[in-house]
There are 2 protein chains.
Amino acid sequence: MKTRRPLADSTAVHDQVYEAIRQALITGRIAPGKGVSLRSLAAELGVSPMPVRDAVRRLVAERALAINPANKRLLVPSLTADRLEQLSLARLWVEPELAARAAARADTGLVRQLQAIDADLDEALRLGDVDRYMAANHAFHFALYERADAEILLAMAGGLWLQIGPFMRVVFGRVGADVLVADRHAEAIEAVKAGDADGARRAIAADLSEGMDKMRLAVEAAA
Amino acid sequence: MKTRRPLADSTAVHDQVYEAIRQALITGRIAPGKGVSLRSLAAELGVSPMPVRDAVRRLVAERALAINPANKRLLVPSLTADRLEQLSLARLWVEPELAARAAARADTGLVRQLQAIDADLDEALRLGDVDRYMAANHAFHFALYERADAEILLAMAGGLWLQIGPFMRVVFGRVGADVLVADRHAEAIEAVKAGDADGARRAIAADLSEGMDKMRLAVEAAA
DNA sequence: GCGCTTGCATTGTGATCGCAATTCAGGGCC
DNA sequence: GGCCCTGAATTGCGATCACAATGCAAGCGC
């Protein structure tokens, strides 16, 4: 337990903690609205409260976690229609923009990479493996977005996905993953292959738009 | 030095530190590209390194500070044309959107508030008080945006202003504040008064667009 | 005189401790 | 039986210490 790690060779502990909590949030393992605590998280992850504090600060700054202003206690933000609407709007702006830039900078390597991820995604869908589907979907979008060479916009998109994560889990829990997909990815790949920026923008916008509509319905149904 | 504060009555220390560093960044008191350290900041602010760590984590998450990936040391992000372009794009999307929503929800109280701030802004301009001008400009925009009742978009706008802060200082250092203003604020106020969402959107978009163009020129001139 | 190396100062990270405040359960009182 | 009050446990915040690693500069060797 007390083994001191040589700090520089691998990622810092607070980064690992950050990733762990992030994944737990995205996959919905921590229920929205529920309260958490530094010490409980630390115990659960087998680390001291210190790196958890650092990770939590980051997550709060990214609005993936919230602080009850009265008692200053941590809690997972609740899923509201209002939040979803704002997140949808923001995603529908940034992500098509990133897709358009990426398409303009694409090469055959990217196309092959996207095709491979999309194949994996279809496989996950066929098997009904929700976790794998979500991972592949994330991988697909961000493999594309990274090519946009737009650090700030990319970070914005990452933050939005982090906040939208819990909503996705709600959708999958209600309607199943299969209804979510109406393959706009192939459309996007074609646009990328052709270097068609506007085509990629439209494909990604359509992809998001459909997904967010499903989430909206699921959230409304939950209320 | 060791006086323990009753924590609940006022804001926490790490929040005060956050605000202090934030202001220092926005007003350009810490030069971009320069390195800072937790202990030096702590000493400068007269607090222990601990709350500085918390504040810095937040600022890094908001990309107002950066970490040199090699030595993990802190530094103020440099001003590049690429960063400015992305920030401009993002601002030109969120802020007009916020303005439009605010205009739809406005009342006479907001109008009076905006008029008062704008008067203060003009006064600052007349006196050549750059700090006061920047504070008033910030106050004007966010008094409006807060009325949009869109927490997430508002936070996004806040993060963008924080990142754009150093650029503003560069502009003022080069061309002076007076050339920045071509009073779109009056135009915005009129739209708000009339509840004209699209008018407010256009006015704010024009305001930003002109300001960002000035910054672009200043940054290009610096290279 | 110049380059390299060694030693010290500084840096970020993590652990541990103390404090104030809130939360919650239990038990006594009416 | 229901209400309140009290005490223990939990929580977030801040301070201090320890440690590995990097940066920097003085001093040695050539």
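Every chain is numbered from 1 and lettered A, B, ... according to where its sequence line falls, protein lines coming before strand lines.
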A/Asp54 has its side chain closest, among C/dG12, D/dT22, C/dG14, to C/dG14
Taking D/dT11, D/dC13, D/dT16 as options, the one with an atom nearest any side-chain atom of A/Ser37 is D/dT11
Spacing of [atom1] belonging to [X] relative to [atom2] belonging to [Y], to within rounding of 0.5 Å:
X        : Y        : atom1 : atom2 : value
B/Glu95  : B/Leu153 : CD    : CG    : 11.0 Å
B/Asp54  : B/Leu59  : CG    : CG    : 11.0 Å
B/Arg58  : B/Asp15  : CZ    : CG    : 5.5 Å
B/Met212 : B/Asp207 : CE    : CG    : 11.0 Å

Would you indicate what A/Val36 reaches in the nucleic acid, counting non-hydrogen atoms under 4.0 angstrom: base, sugar-phosphate, or nothing? sugar-phosphate
Euclidean distance, atom [atom1] of residue [X] to atom [atom2] of [N] [Å, nearest integer]:
X       : N      : atom1 : atom2 : answer
B/Leu65 : C/dT11 : CG    : C1'   : 15 Å
B/Ile67 : C/dT13 : CD1   : C1'   : 11 Å
B/Leu38 : D/dC17 : CG    : C1'   : 16 Å
A/Asn68 : C/dT22 : CG    : P     : 11 Å
A/Tyr18 : C/dG14 : OH    : C1'   : 20 Å
A/Leu45 : C/dA15 : CG    : P     : 12 Å
A/Met50 : D/dA15 : CE    : C1'   : 10 Å
B/Gln16 : D/dC13 : CD    : P     : 13 Å

Taking OP1 and OP2 of C/dT11, is either one under 4.0 Å from a side-chain nitrogen or oxygen of B/Asn71? no
Determine: side-chain N/O of B/Arg57 to OP1/OP2 of C/dT13, distance under 4.0 Å, yes or no. yes
Under 3.5 Å, is there an N or O donor on one side and an acceptor on the other linking the side chain of A/Arg53 and the base of D/dG14? yes
Would you say B/Glu151 has more than 12 foreign heavy atoms packed within less than 6.0 Å of its CD? no
How do B/Leu74 and A/Arg73 order along DNA chain C: which one's closest nucleotide is nearer the 5' end? B/Leu74
